[in-house]
Amino acid sequence: MRDRITGSKALMRALQAEGVKTIFGYPGGSIMPVYDALFDYTRGEKKCFDHILVRHEQGATHAAEGYARVSGEVGVALVTSGPGVTNTLTGIADAMLDSTPIIVIAGQVPITALGTDAFQEVDLVGVSQPISKWSYQIRRAEDVAWAVSRAFYIARTGRPGPVVLDFAKNAQVEEIDWEPRKVDFIRSYVPFPKLDAMTVSQAAELINNAKRPLALVGQGVELGNAQEELKTFLEKADIPAGRTMLGLSALPSNHPLNAGMLGMHGNYAVNLKEQECDVLIAIGMRFSDRVTGNLKTYARQAKIIHLDIDRSEIDKNVKTDVAVVADCKESLPAITALLNKAKHTEWRNSFRELDEKERAKVIEPAIHPTEGPLLMGEVVNAVACQAADDAILVTDVGQNQLFATRYFKYHHKRSICTSGGLGTMGYGMPAAIGATFGAPDRQVCCFMGDGGFQMCIEELGTIMEQKSPVKMILMNNHYLGNVRQWQDMFWMRRKSFTKMMNPCYELIAQGYGIPYVAVTDRKDLAAAVEKMLHTDGPFIMECAIKEEDNVLPMTPPGMNVNDMMLEL
């Protein structure tokens, strides 16, 4: 007997075959047949999906990103055509730049209406191709199983990224004989390059002869699930390691070889030591401009070893001496096997004086002030000191992000969700929602500024409905703080449209039925944090922050990485 079903039901079966458990979405006309099919798969004996109704399609993509970041699985967003899918483009671009595996499935007008400027028609494939790993239009129901399997294969393999499926309405309602498909090979697509033994040997030789080696650890270690392989590598060769913002939880904060965060607002010692090391080992990172500063002067004294799964990253920004193109879960052990057991005590000790200088000038005043208004650093530190060891940090973008990533503590892998490459304000709250579904047994702490909070404020409705246990820390300084800091530093203190008039957040929290506390005095901070972390479900803690709190250290844009400022 033939198993005849619609394209929409075929989608349900294909998603089920890929192990999908959670879908973040928002219905509309062109995706209605799919939502009708989804009805039966979210309740009763047939239930296999949780569908999370977001309040904005951009929120669906960021929630899918948060889910993917903490779970290691592919996040899924389901939306309609026209404005529904154009609202997802920011999230797709964000996922592309941060190598986050998500799949956006969007409704589309029937193929007979394509090109007629039909209601809510948009050329999704054309629009999304430059910002996705693969974009494809499903025109026939018989192609659903193949397209979905291929989409998941592309999204999750190699360097992960977003995939877009444009699902024509006629294909959603057509009937077909169901036949499952499994795509695990695509001609010309090589997600896991073959490890070259010669480059492994060359890398090991450079490291064995190094006197001042330094590792730069990126998110690629997390994406490759190579956290243990990284520790074995670093410990055998006694190599201090800086971490990019997205790679912060690839190495525990308390590991003795952790040298701090790289980048414009990273830690002082590790940034300066990039200009003194003799061998620089970049592992799963892309040499972002926020890490390197002025490329013309960056690490000119060092031999550069670059480990990355994506060949296109090699020599893109920084010229390498040895490139090991492979999955770091494979390349790190291969190199480690050829390393001599080493001690670089004098080199590692040379970091200490710079670390102490930063601690005295920047860190202690930021996290343990004795007078004046609350500071962002002390709020982050107060939360970090009481949060669970396996707590997940989610941030929005701006000063809240820079303070939070600097002063939070990372003890477990996949413990950070933040928008790195695109710098998307409004990312934080929906990503935190996704994180609560991707890691339901872990505490999720989401830091936001007043600007970013208002960019995604509608997702409080999702939190209310789902009772998502997001601990929201709103650091309110009545400014677009990061832009204001740059205006003060580089634009003669001309604060052009960065001052914000804000609503009463207590009333907003009350309207959504979310517990709330305001902190205006540091003597009340620890108790407020304790209340927030021990309250079941969501919570908003609003902190009145010093209006002109500045993030330091800082390497001014375009300057050399060792031109880092400890004070303004």
Side-chain angles (χ1 to χ4, degrees), residues 62 65-66 68-70 93-100 159-160 214-224 227 230 241-253 255 258-271 274 282-293 298 308 313 317 358 362-363 366 376-377 380 384 391-425 427-428 431-432 435 445-449 452 475 481-482 485 551-555 557 561 564:
H62 294 326
E65 287 185 275
R69 288 273 191 94
V70 303
D94 191 279
M96 188 67 176
L97 280 171
D98 285 352
S99 304
T100 305
R159 182 180 181 174
L214 178 62
L216 310 183
V217 177
Q219 189 192 197
V221 172
E222 296 264 59
L223 297 174
Q227 297 89 351
L230 172 70
R243 301 158 300 158
T244 67
M245 183 180 286
L246 295 185
L248 282 170
S249 61
L251 188 68
S253 298
H255 194 283
N258 166 37
M261 186 170 78
L262 299 162
M264 178 179 282
H265 291 287
N267 292 107
Y268 190 57
V270 68
N271 279 283
E274 288 178 271
I283 308 168
M285 55 88 72
R286 59 189 177 86
F287 287 113
S288 159
D289 60 300
R290 287 294 174 99
V291 167
T292 64
Y298 179 72
D308 207 288
E313 289 296 341
N317 294 327
E358 180 185 0
V362 176
I363 296 175
M376 290 192 190
V380 176
I392 295 167
L393 169 69
V394 183
T395 84
D396 209 85
V397 167
Q399 287 184 318
N400 67 91
Q401 175 188 39
L402 303 171
F403 276 109
T405 52
R406 276 181 59 84
Y407 295 121
F408 206 73
K409 303 293 187 294
Y410 310 93
H411 302 285
H412 292 262
K413 64 183 181 180
R414 295 188 177 274
S415 291
I416 181 169
C417 294
T418 192
S419 174
L422 199 63
T424 305
M425 289 180 68
Y427 170 95
C445 299
C446 180
F447 290 84
M448 294 172 280
M475 300 199 287
N482 211 38
Q485 180 172 335
V551 189
L552 291 167
M554 181 178 185
T555 302
V561 70
M564 201 167 211

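Values below: every heavy atom of this structure, side chains too, minus hydrogens, waters and symmetry copies.
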- Quick check: does any side chain N or O of Tyr410 sit under 3.5 Å from a backbone N or O of Thr405, one acting as donor and the other as acceptor? yes

- Query: Is the backbone of Leu223 close enough, under 3.5 Å, to the side chain of Arg159 for a donor and an acceptor to pair up by distance?
  - Reply: no

- Item | Any donor-acceptor N/O pair, Arg69 side chain to Ala435 backbone, under 3.5 Å | no

- Message: Has Asp308 got a side-chain atom pairing as donor or acceptor with Glu313's backbone, closer than 3.5 angstrom?
- Response: no

- Query: Nearest heavy-atom pair of Ala68 and Thr100: which atoms, and what distance?
  - Reply: CB-CG2, 3.9 Å

- Please confirm whether the backbone N or O of Val561 pairs with a side-chain atom of Asn271, one donor and one acceptor, at under 3.5 Å? no

- Query: Asn482 side chain to Gly398 main-chain N or O, any donor-acceptor pair under 3.5 Å?
  - Reply: no

- Query: Atom OG1 of Thr292 and atom CG of Leu216: how far apart are they, to the nearest 0.5 Å?
  - Reply: 10.5 Å

- Query: Any sub-3.5 Å donor-acceptor pair from His265's side-chain atoms to Pro553's backbone N or O?
  - Reply: yes

- Message: Looking at Gly420, is its backbone amide N or carbonyl O close enough to the side chain of Asp98 to form a donor-acceptor pair, meaning the two atoms are under 3.5 Å apart?
- Response: yes

- With sequence neighbours left out, the residues meeting salt bridge (Lys or Arg N to Asp or Glu O under 4.0 Å) with Arg406 are Glu358

- Task: Compare all side-chain heavy atoms of Arg286 with those of Asn317 and state whether any distance is below 4.5 angstrom.
- Result: no

- Locate the shortest heavy-atom distance separating Thr424 from Asp396; write the atom from each residue and the value. O-OD2, 4.2 Å

- Counting only N and O atoms by type, is there a donor-acceptor contact under 3.5 Å from the side chain of Gln401 to the main-chain atoms of Ser419? yes

- Above 12 or not: heavy atoms from other molecules or residues under 6.0 Å from NZ of Lys413? no

- Query: Is there a donor-acceptor pair closer than 3.5 Å between any side-chain N or O of Asn400 and the backbone N or O of Thr395?
  - Reply: no

